[in-house]
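One structure, pasted below without further comment.
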Amino acid sequence: MNDAPRRPVTAVILVAAGSGQRLGYGMPKAAVPLGGEPILMHALRGIVAAGVASQVCVALPAGDSGLRQLVEDFRLELADGGPLLTMVDGGATRADSVRSALAGLEDGTEAVLVHDAARALTPESVFHRVAQALAKGASAVIPVIPVVDTVKTVSATDGGDSDIAPEIVTGTVSRQELRAVQTPQGFSVDTLKAAHEAALALDENRAAAVTDDAMLVELLGVPVHAVRGASQSLKITTPLDLIIAEGLLEGPLGARWVEG
């Protein structure tokens, strides 16, 4: 007798519409080379290898023909199997890109994983943990890792103190309850759609303060569960991140197979 929970029909939204300005390549982040291939291709291959999705919907910079061709070429690689691969134009913000991709999901989709292309080396096991939590009944689940640095709160200095330093420490936060959040973040489709619809009513300042989809779900009062992420799921944002990612790819065991 198999007591494993039924896995919901799942899609993955791959957000790949970032400008990549901080990487300094003068091209969208998803097109920046990593180990001889664009970051986008590493992210796509990782999603397909995980085997959790019936559809992958990629949000790309509007009008970027080069990245679209990459996705089209990858679609040909999947001709004999694999998930349905679709594309949408991303928006001005990450939330806009996710909303655009939500509208492009196939009918019958029950769950969705939202993943950043910049986390191109995320191991398959992280996708599996998120998908399993959804299958067991979670409406929202995120992968996390413990915060290892000491974290302090600060405020701006004024008067004579501003000549010494721009900020002053106001407290030290306990690391025991702190976690750094990664992707893919998983949700029931209805939950994520409701969260994004509610977000349209946020004023500009509150909308700017939202940094991931889980925050939107939290604003609805929906519990967000946390599973173990992986240290190699780093977000490639700066030139140093790119150097670290290159090192992971060249390591003796390979990035996707080593848990952090």
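Worth knowing before you read on, the calculation uses all heavy atoms, side chains too, and leaves out hydrogens, waters and symmetry mates.
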Self-check item: Contacts of type side chain to side chain donor-acceptor pair (under 3.5 Å), residue R179, not counting sequence neighbours
Solution: none
Can you give me every donor-acceptor pair (side chain of residues 8-15, partner residue at least two apart or in another chain, under 3.5 Å) with its distance?
from	atom 1	to	atom 2	distance (Å)
T10	OG1	P8	O	2.7

Quiz prompt | Remaining members of hydrophobic cluster (4.5 Å side-chain criterion), V88 | solution = none
Self-check item: Hydrophobic cluster (4.5 angstrom, side-chain heavy atoms) - remaining members for L76
Solution: none
Practice problem: State the CG-CG distance between D163 and D158, to the nearest 0.5 angstrom. | Solution: 11.0 Å
Exercise. Carefully, step by step, assess K193 and F187 under the rule side chain to side chain contact (heavy atoms under 4.5 Å, CB included).
Key: CA-CA 9 Å; K193 285 183 175 180; F187 309 92; over 6 Å; no
Quiz item: Can you find a pair of side-chain heavy atoms, one from L60 and one from D89, that are under 4.5 Å apart?
Solution: no
Quiz item: Nearest heavy-atom pair of G229 and V126: which atoms, and what distance?
Solution: C-CG2, 4.0 Å
Quiz item: Could you walk me through whether V48 and F74 pass the side chain to side chain contact (heavy atoms under 4.5 Å, CB included) check?
Solution: CA-CA 11 Å; V48 172; F74 188 62; 3.8 Å; yes
Quiz prompt | Heavy-atom closest pair, residues A199 and L216 | solution = CB-CD2, 3.6 Å
Practice problem: Check whether V112 and M87 end up in the same hydrophobic cluster, where Ile, Leu, Val, Met, Phe, Trp and Tyr are linked by side-chain heavy atoms less than 4.5 Å apart. | Solution: no
Self-check item: Single-linkage hydrophobic cluster L192~I142, side-chain heavy atoms < 4.5 angstrom
Solution: yes
Quiz item: Linking Ile, Leu, Val, Met, Phe, Trp and Tyr by side-chain heavy atoms under 4.5 Å, what else ends up with V173?
Solution: V147, V151, L178
Quiz prompt | Connected via hydrophobic side-chain network under 4.5 Å: L113 and V58 | solution = yes
Exercise. Could you name each residue pair satisfying side-chain hydrogen bond (donor to acceptor under 3.5 Å, both in side chains) that touches residues 206-224, not counting sequence neighbours?
Key: R94-D213, Q185-D212, H196-D213
Quiz item: Under 4.5 Å between any side-chain heavy atoms of T237 and K29, yes or no?
Solution: yes
Practice problem: Test side-chain hydrogen bond (donor to acceptor under 3.5 Å, both in side chains) on T170 and S155 and set out the steps. | Solution: CA-CA 7 Å; T170 58; S155 64; 5.4 Å; no
Exercise. Look only at the side chain of R228 and the backbone of V144, and say whether a donor-acceptor pair between them is shorter than 3.5 Å.
Key: no
Quiz prompt | Verdict with reasoning, T191 to V217, per side chain to side chain contact (heavy atoms under 4.5 Å, CB included) | solution = CA-CA 7 Å; T191 296; V217 171; 3.9 Å; yes
Exercise. Just grab all the ring-ring contact (aromatic ring centres under 6.0 Å, His included) pairs involving residues 82-120, residues at least two apart or on different chains.
Key: H115-F127
Quiz item: If you measure from CD1 on I47 to CD on Q55, what distance do you get to the nearest 0.5 Å?
Solution: 11.5 Å
Quiz prompt | D116 side-chain N/O to R119 backbone N/O, donor-acceptor pair under 3.5 Å | solution = no
Quiz item: Does G91 offer a backbone N or O that forms a donor-acceptor pair with the side chain of S97 under 3.5 Å?
Solution: yes
Quiz prompt | Separation of E124 CD from R129 CZ (nearest 0.5 Å) | solution = 11.5 Å
Practice problem: Using the test side chain to side chain donor-acceptor pair (under 3.5 Å), find all partners of S162 that sit at least two apart in sequence or belong to another chain. | Solution: none
Practice problem: Ignoring hydrogens and angles, state whether a donor on the side chain of Q182 or T122 is under 3.5 Å from an acceptor on the partner side chain. | Solution: no
Quiz prompt | Spacing of K136 atom NZ and L134 atom CG [to the nearest 0.5 Å] | solution = 11.5 Å
Quiz item: Same hydrophobic cluster for V141 and V224, using side-chain heavy-atom links shorter than 4.5 Å among ILVMFWY?
Solution: no
Quiz item: Quick one: are P83 and S54 in side-chain contact, heavy atoms under 4.5 Å?
Solution: no
Quiz prompt | Heavy-atom pair with the smallest gap, counting every atom of A245 and I236 | solution = CB-CD1, 3.8 Å
Quiz prompt | Flag, side chain of D73 to backbone of L70, donor-acceptor distance under 3.5 Å | solution = no
Quiz item: Of the non-hydrogen atoms in V148 and R175, which two are nearest, and what is the gap between them?
Solution: O-NH1, 2.5 Å
Quiz item: Do V32 and L249 sit in the same hydrophobic cluster, where Ile, Leu, Val, Met, Phe, Trp and Tyr count as joined when their side-chain heavy atoms come under 4.5 Å apart?
Solution: yes
Self-check item: Qualifying residues under side chain to side chain donor-acceptor pair (under 3.5 Å), relative to E110, sequence neighbours excluded
Solution: R6
Quiz item: Shortest non-hydrogen contact from S231 to I145?
Solution: N-CG2, 4.5 Å
Exercise. Look at the side chain of D161 and the backbone N and O of T157, then say whether any donor-acceptor pair between them is shorter than 3.5 Å.
Key: no
Exercise. Identify whether the distance between the nearest side-chain nitrogen and carboxylate oxygen of R45 and E37 falls below 4.0 Å.
Key: yes
Quiz prompt | For Q132, side chain to side chain donor-acceptor pair (under 3.5 Å) partners two or more places apart | solution = none
Practice problem: With side chain to side chain contact (heavy atoms under 4.5 Å, CB included) as the test, would you mind laying out the steps for L85 and L44 before giving the verdict? | Solution: CA-CA 10 Å; L85 191 57; L44 282 171; 4.1 Å; yes
Quiz item: Do S233 and L121 have side-chain heavy atoms sitting under 4.5 Å apart?
Solution: no
Practice problem: Would you please name every residue forming a side-chain contact (heavy atoms from CB on, under 4.5 Å) with E167, sequence neighbours left out? | Solution: V154
Practice problem: Over all heavy atoms of both residues, which pair between T183 and V114 is shortest? Give the atoms and the distance, please. | Solution: CB-O, 3.6 Å
Quiz item: Is there a donor-acceptor pair under 3.5 Å between the side chain of R7 and the backbone N or O of A131?
Solution: no
Quiz item: Can you check whether A111's main-chain N or O pairs, donor with acceptor, with S188's side chain at less than 3.5 Å?
Solution: no
Practice problem: Could you note down all residue pairs passing side-chain hydrogen bond (donor to acceptor under 3.5 Å, both in side chains) where residues 138-147 supplies at least one of them, sequence neighbours left out? | Solution: none
